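Both ligands and their constituent atoms are indexed starting at 1 by order of listing. Since this is a predicted model, take the numbers as computed values, not measurements.
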Amino acid sequence: MSSETKPKSKKTKTGTPAPETRSFQAEVKQLLNLMIHSLYSNKEIFLRELISNASDACDKLRFASLTDKTLLEDDEALGIWITVGPEKKTIIIRDNGIGMDYDEVVQDIGTIARSGTRAFIEKMEAEKSSGDADFIGQFGVGFYSCFLVGKQVTLLTRKAGSPSKSGVMWSSDGTGEYTITSIDRPSRGTEIIINLKDDDSQYADEYRIRNIIEKYSDHVSIPILMPKEPEPADEESDDSEKPESKQEESEEWETVNKGSALWTRPKTEITEEEYNKFYSSLTYDSTPPALTIHNRVEGKMDYISLFFIPSSAPFDLWDREQRHGIKLYVRRIFISDDAKTLMPNYLRFVRGLVDCADLPLNVSREFLQQNRDIDKIRQAAVKRVLGELKKLSKSDEDAYSKLWKEFGKALKEGVVEDYENRQSIAELARFSTTRGDGESQTVSLDQYVDRMPMSQKHIYYLTADTHTAASSSPHLEIFKKKDIEVLLLSEPIDEWFVSHVSEFRDKTLKSIARGDLELDGLEDEESRKKTEEEQAAQDTLLEKFKGILGEAVKDVRFSNRLVDSPSCLIADEMDMGGNMERLLKAMGQNAPSAKPILELNPDHALVKRMDPEAGELEDWAKLLFDQALLAEGATLNNPGEFVKRVNRLLAS
Ligand code: ADP
């Protein structure tokens, strides 16, 4: 995605660089257009977004300064200052955080659409009627929310540690273009000046601003400062003479956020509402979390963890470039939110933080990745989250079911990623089965085992490309007839799930489309005998089929698993199976091609009537093979040939 650029800026006669005008990238333009023309009721969230960016910038600087003190430039007290401009037409948000250099402004603010841009546009258009843009922060495009209220936005910034001449000024009315130019800027950090739309001048009211901060940003740990409120007005005094900007009046500031680290307070003293508010300030998700898990651990390591499991999946659950991880604090100071440090990938939907008392403040990324204490915290975090999920699954099946629907696919990855917890994850998994309610995944392995007959030794499953392909597969016929439950697995991850969870409560998981089928004494002797007898009688038929199908099959044999269908394909015991092979190929991997075994139903009228000496036997053999392929959800190599063959047989 390249940005449309005009020629690089030239120097003016005076030596200062001329502003460069650039266009926003198409998707960003679209997003801005939505912002500018939005009729959303809670535009106030722009302030939350800008404060959150400013606070992140301060956190980043504090972390970087642990290894390079000079970055602080004798200006150590980090903060966010908010002021209202003259005549209440502007609002200014300034921080002394890490700042940005020219290229970063172009990248992060200017031009480039990020992964969340499209997702955000879609959601915003879908929610038009609800009049709510509250979710913007979840998509990583929060900066643009300043155009909800601003008709012109100017950003001044300088990167910490760079000379003052490397400041940058960015300005735009959000329509199609922005200007950017290098400026001299002695103070470090970023300042955003929003020139308010006429209808939105209400936001330049200090009381309003304080209210908004209290509502959304109270927990921000960096001080948010505003000009000190004046002493209560003297009754005699004339209000109209008050200056518009208190900043001009005095340089006295006061902190307006509590900045209290909620997690450090005892559980019993925190209300559900406070937890929810904190969750929302952390995630910008206004729906309360499904689970809140707050613990204080004392022992060799002292730390506090506060985790939330959201009610629904974030838009980027399947994005490989995960942006969010569990935040790590050391004694209330933010250190990092590197994804995967404190939570494995399969639990990437868990949000929250860990505050550790015993780590040094100047920890590096490498340290975090290799540190044993961090490993221990991570292991405990996983156990805690899985434990709470298990508790919920026992206490409130419906609530658990909803969570499984949102996060089940990710959780199932855990059996591959997390050997140690494989069993707990298997217990948490829910499946659709031949006895279940259509496609919905509600049956646990425990339930399956509890209700299977004593003589059944295996947990039977069938994998397929779709639920429909699985539930109508010929492989199920004998199981339906004998009323044996089968798990119907149709998500790609399921193939990995069953290959990593080979046993559950001493029962092996067994594919009903692989190897020989022994129905654990559930099969009646009579039918077995009949099959063997017929096999002897029809050896010639099988031999002829093998001859005709040649390299396409490993073997042709009679089946004991078919009732209504004439044929099906089976993978040999140690082979991969058609579904897995197709999946790997779709992922661009080199899957070894194993030949299937064709099984024929000896009781099927078609097979019974088949004459090994008949001329059309070749057509029949190929037709039964292709039919079995189709029933598996595979595509035929030569569909044209298939159609011709069917027509030939119909005509005769
Ligand atoms: P997000 O903050 O979710 O990444 P935004 O659109 O709000 O998305 O901001 C985009 C990027 O711009 C940020 O990731 C950050 O790199 C940069 N940025 C925004 N505001 C500031 C700021 N006050 N100081 C430094 N960098 C900032």
Side-chain angles (χ1 to χ4, degrees), residues 24-25 27-28 31-32 34-35 45-65 71 75 78-82 91-121 124 133-148 150 153-162 166-170 172 174 178 180 185 187-194 216-217 220 222 224-225 281-285 314-316 319 321-325 327 334 336-339 351:
F24 288 111
Q25 198 247 357
E27 268 184 356
V28 179
L31 186 152
L32 287 170
L34 279 169
M35 292 285 176
I45 55 106
F46 79 94
L47 197 59
R48 172 191 74 189
E49 298 299 324
L50 297 181
I51 289 176
S52 156
N53 282 349
S55 148
D56 287 349
C58 291
D59 282 339
K60 279 185 203 160
L61 176 61
R62 181 145 58 187
F63 187 57
S65 71
L71 292 175
D75 176 15
L78 299 174
I80 301 163
W81 290 263
I82 300 182
I91 169 165
I92 302 161
I93 296 113
R94 177 168 64 84
D95 66 68
N96 60 351
I98 191 97
M100 285 174 273
D101 61 25
Y102 196 97
D103 290 342
E104 283 169 335
V105 175
V106 172
Q107 271 281 332
D108 296 336
I109 302 293
T111 332
I112 315 293
R114 276 169 294 148
S115 67
T117 312
R118 173 111 304 266
F120 174 75
I121 292 172
M124 191 129 168
D134 202 14
F135 44 79
I136 183 166
Q138 298 169 43
F139 294 87
V141 290
F143 171 77
Y144 297 126
S145 65
C146 54
F147 289 103
L148 284 169
V153 175
T154 303
L155 174 144
L156 307 164
T157 185
R158 176 174 65 76
K159 183 109 181 165
S162 320
S166 63
V168 184
M169 179 164 87
W170 176 102
S172 177
Y178 64 90
I180 180 166
R185 184 173 164 80
S187 52
R188 168 196 78 215
T190 304
E191 178 169 348
I192 293 165
I193 305 160
I194 304 176
Y216 299 106
S217 311
V220 170
I222 305 286
I224 304 172
L225 299 127
S281 73
L282 195 74
T283 59
Y284 310 116
D285 179 2
F315 84 98
D316 56 355
D319 190 344
E321 300 298 313
Q322 269 289 307
R323 297 181 314 126
H324 314 288
K327 288 181 193 248
F334 173 81
S336 127
D337 61 355
D338 233 4
R351 307 296 300 276

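Between Arg94 atom CZ and Glu191 atom CD the span is 6.0 Å, to the nearest 0.5 Å. A distance of 6.5 Å separates CG in Leu47 from OG in Ser217, rounded to the nearest 0.5 Å.
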Can you give the donor-acceptor pairs under 3.5 Å from side chains of residues 52-65 to other protein atoms, not counting sequence neighbours?
from  : atom 1 : to     : atom 2 : distance (Å)
Ser52 : OG     : Tyr284 : OH     : 2.3
Ser65 : OG     : Leu61  : O      : 3.3
Ser65 : OG     : Arg62  : O      : 2.8

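Between Ile192, Asn53, Ile93, it is Asn53 that holds the heavy atom closest to atom 20 (N) of ligand 1. When Ala57, Gly97, Cys58 are ranked by how near their heavy atoms come to atom 25 (C) of ligand 1, first place goes to Ala57.
Distances below 4.0 Å separate heavy atoms of Gly142 from the following atoms of ligand 1: 5 (P), 6 (O), 7 (O), 8 (O). Atoms of ligand 1 lying under 4.0 Å from any heavy atom of Asp108, numbered from 1 in the order shown and given with element: 10 (C), 11 (C), 12 (O), 16 (O), 17 (C). Remark: ligand 1 atoms within the under-4.0 Å shell around heavy atoms of Phe143 are 5 (P), 6 (O), 7 (O).
A 4.5 Å side-chain heavy-atom check between Val153 and Ile192 finds at least one atom pair inside the cut-off. Between Ile82 and Ile224 the shortest side-chain heavy-atom distance falls below 4.5 Å.
The aromatic rings of Phe24 and Tyr144 sit perpendicular, their planes meeting at an angle over 60°, well past the 30° parallel limit.
If you look at Thr157 next to ligand 1, there are no close heavy atoms at all, none under 4.0 Å. Contacts between Asp56 and ligand 1 below 4.0 angstrom, taking non-hydrogen atoms only, are absent altogether.
Contact analysis puts Met100 in contact with ligand 1, with a non-hydrogen atom separation below 4.0 angstrom.
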